[in-house]
Number of protein chains: 2
Amino acid sequence: MATKAVNPETRRSKLERKERAILDAARAVFVEHGFDGARVSEIARRAQIGEGTIYSYYESKAELMLAVLQQFWDGLTREAEAVMASVAADGFFDRLRALAQYHLNILILNADFINLSFALRRNNSEVSVSRDHLRQYVAVFDRLFLRGQDRGELRQDAVLWQARDIFYGSLEYSGRSIEMTLDSDHKVREQAPVVEQMVALFRSHYGVIDKADAKDSSMFDQLAQKLDQLSDKFDALSERLS
Amino acid sequence: MATKAVNPETRRSKLERKERAILDAARAVFVEHGFDGARVSEIARRAQIGEGTIYSYYESKAELMLAVLQQFWDGLTREAEAVMASVAADGFFDRLRALAQYHLNILILNADFINLSFALRRNNSEVSVSRDHLRQYVAVFDRLFLRGQDRGELRQDAVLWQARDIFYGSLEYSGRSIEMTLDSDHKVREQAPVVEQMVALFRSHYGVIDKADAKDSSMFDQLAQKLDQLSDKFDALSERLS
DNA sequence: GGATATACCGAGTGCTATTCAATTAGCCTT
DNA sequence: AAGGCTAATTGAATAGCACTCGGTATATCC
């Protein structure tokens with residue numbers, strides 16, 4: 001009956017299309033209802049396949065969730081890299097600010113999702129997969145930090161793992177506080193101080209100390225000089241106008 | 001048939017005893033199997049009551065879990081206070097070290113439990129209860145920090161919420177890293193550097209600045225003065241133009 | 001000691017993830 | 001193009017769980 005002329009899908013392409021459909025549907029349903037609240041039947045319906053079919057792609061609901069989470073973390077990694085690349089200035093602290101902003105925002109928007117990444121660990125033996133994807137994500141920070149050290153913007157004796165723990169840990173905690181405390185209208189507004197404080201902390205704790213006080217004072221002198229010049233220009237302008 | 005002479009339990013005491021039995025059994029089973037893995041029937045069996053009886057004490061499995069978590073966090077708060085009180089020296093940094101050590105250890109030992117505190121939030125509307133108990137726990141840190149400021153050990157311009165986020169956030173993240181990376185033999189060993197780095201961070205970032213920096217401030221004063229002058233000129237000009 | 005209220009029980013209910021025997025669809029050989 | 005073969009798909013059946021409810025035991029009151 002069916003004409004083969006309409007370029008029927010190959011076996012492979014069909015599988016890939018269905019897998020994507022399942023993953024997309026699953027993600028939507030998980031986000032909407034959480035893990036326990038999500039019905040496998042609803043995922044199947046949205047992906048337009050039979051309920052049993054899901055189980056020929058994934059062992060269980062938990063493993064399906066894991067696949068969704070992998071996709072999620074991979075996306076974050078890619079986006080985080082993109083955000084960093086899009087910062088005009090290539091200094092460490094500007095990029096750190098951009099990364100912190102991005103990360104905090106993600107944390108607040110996907111809080112439940114991220115919690116599930118860790119909460120799911122107990123049920124399933126396939127932990128390592130999720131762990132690797134998480135590692136890839138934090139590696140974005142690691143690269144930034146090491147580059148900052150190479151460029152001489154950060155102290156050589158700074159401890160990477162501590163910096164990483166502070167960065168991601170504090171942001172996660174802050175994100176949870178913001179998410180728990182405020183209504184959705186205020187969420188965006190309250191993010192700025194968190195990010196700024198984080199950058200300030202990194203600047204003061206991991207930023208290079210200027211070689212000597214001499215340099216410090218010379219920098220102050222430079223600023224003072226610039227201000228004086230500005231003041232002079234101002235006077236000139238002022239005079240000309242009168 | 002039953003003799004009343006054997007000092008039968010009063011109605012109230014019996015209820016309390018059963019409630020405790022349920023809570024203890026539930027805690028054990030939840031720790032052992034996680035939330036989803038825990039069978040209500042097993043909790044009932046261990047508490048030596050009928051399965052249905054549990055539901056005359058708690059609305060649902062989730063609410064029972066919540067009660068267990070409350071007990072858990074209350075215990076932590078009490079123990080944390082005790083740990084702080086037991087430190088011989090009453091200086092801020094020694095107490096901070098003790099609190100960090102205690103907290104990190106708890107995090108590693110009860111990782112799943114703590115994850116559940118946050119993961120459970122979605123399912124149940126009775127969130128606020130858990131939130132209050134959590135607040136009480138972090139208040140231990142807040143009191144310590146404020147006292148440190150009062151005693152002049154910490155900078156007056158330090159931001160409490162940021163310090164809190166860094167303290168609990170970093171430790172939580174570190175704890176998870178330790179828990180995920182290492183086998184149980186190494187867990188204890190790797191805690192020390194985390195705690196020490198945390199204390200060092202607080203010392204350098206929030207500790208009072210040595211008087212020697214007077215020079216710095218005088219330079220700042222100079223700059224500020226120049227800016228003020230410039231600002232005045234600006235105002236004057238501005239006024240003249242209008 | 002009987003009436004009444006309260007606590008307790010566990011067999012049933014309803015809902016869901018998961019399985020599996022039957023069916024369909026793509027692919028390959030001739 | 002037909003037929004056979006394999007892999008993919010299906011949804012009705014299964015199994016396991018949280019939770020309910022009618023009935024029973026137990027304490028309290030008069």
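Fair warning: this is a prediction, and the values are worked out from it, not measured in the lab. Lettering follows sequence order; numbering is per chain, from 1.
Note on ring orientation: taking the six-membered ring where Trp is involved, the planes of Phe145(A) and Phe202(A) are perpendicular (angle over 60°, cut-offs 30° and 60°).
Taking a 6.0 Å sphere around CD of Gln136(B), one finds it holds more than 12 heavy atoms contributed by other residues, nucleotides or ligands.
Here the P atom of nucleotide dT9(D) and the CD atom of Gln48(A) are 14 Å apart, to the nearest Å. One atom, CD of Glu51(A), and another, C1' of dC15(C), lie 12 Å apart when rounded to the nearest Å. The interatomic distance linking Glu19(B) (CD) with dA7(C) (C1') rounds to 14 Å, in whole Å. Whole-Å rounding puts the Glu42(A) CD to dA17(C) C1' distance at 15 Å. Rounded to whole angstrom, the span from the CG atom of Leu15(B) across to the P atom of dT28(D) amounts to 10 Å. Look at CD1 on Ile43(B): it is 13 Å from P on dC17(D), rounded to the nearest Å. Going from atom NZ of Lys18(B) over to atom C1' of dA27(D) covers 12 Å, rounded to whole Å. Rounding to whole angstrom units, CD1 of residue Ile22(B) and C1' of dC9(C) are separated by 13 Å.
Residue order along DNA chain C, read from the 5' end via each residue's closest nucleotide, puts Ser56(B) first among Ser56(B) and Gly52(A).
Between the side chain of Lys18(B) and the backbone N or O of Ala47(B), no donor-acceptor pair lies under 3.5 Å.
Proximity of Thr53(B) to the phosphate of dC9(C): a side-chain N or O atom is located under 4.0 Å from OP1 or OP2.
Distance from the side chain of Tyr57(A) is smallest for dT9(D) among the nucleotides dT9(D), dT19(C), dA18(D). Comparing dT9(D), dC8(C), dA17(C) against the side chain of Tyr55(A) picks out dA17(C) as the nearest. With distances taken from any side-chain atom of Lys61(B) to the nucleotides dT9(D), dC19(D), dC9(C), the minimum falls on dC19(D). Picking from dT10(D), dC15(C), dG16(D) the nucleotide with the shortest atom distance to the side chain of Arg39(A) gives dC15(C).
For the pair Arg27(A) and Phe72(A), the NZ or CZ position fails the cation-pi test of under 6.0 Å to the six-membered ring centre and within 45 degrees of the ring normal.
With respect to the salt-bridge test (charged N to carboxylate O, under 4.0 angstrom), the residues Asp142(B) and Arg135(B) do not qualify.
Residue Ile54(B) is classed as having no contact, given no heavy-atom separation below 4.0 Å to the nucleic acid. At the heavy-atom level, Ala38(A) lies under 4.0 Å from the strands shown only through sugar-phosphate atoms.
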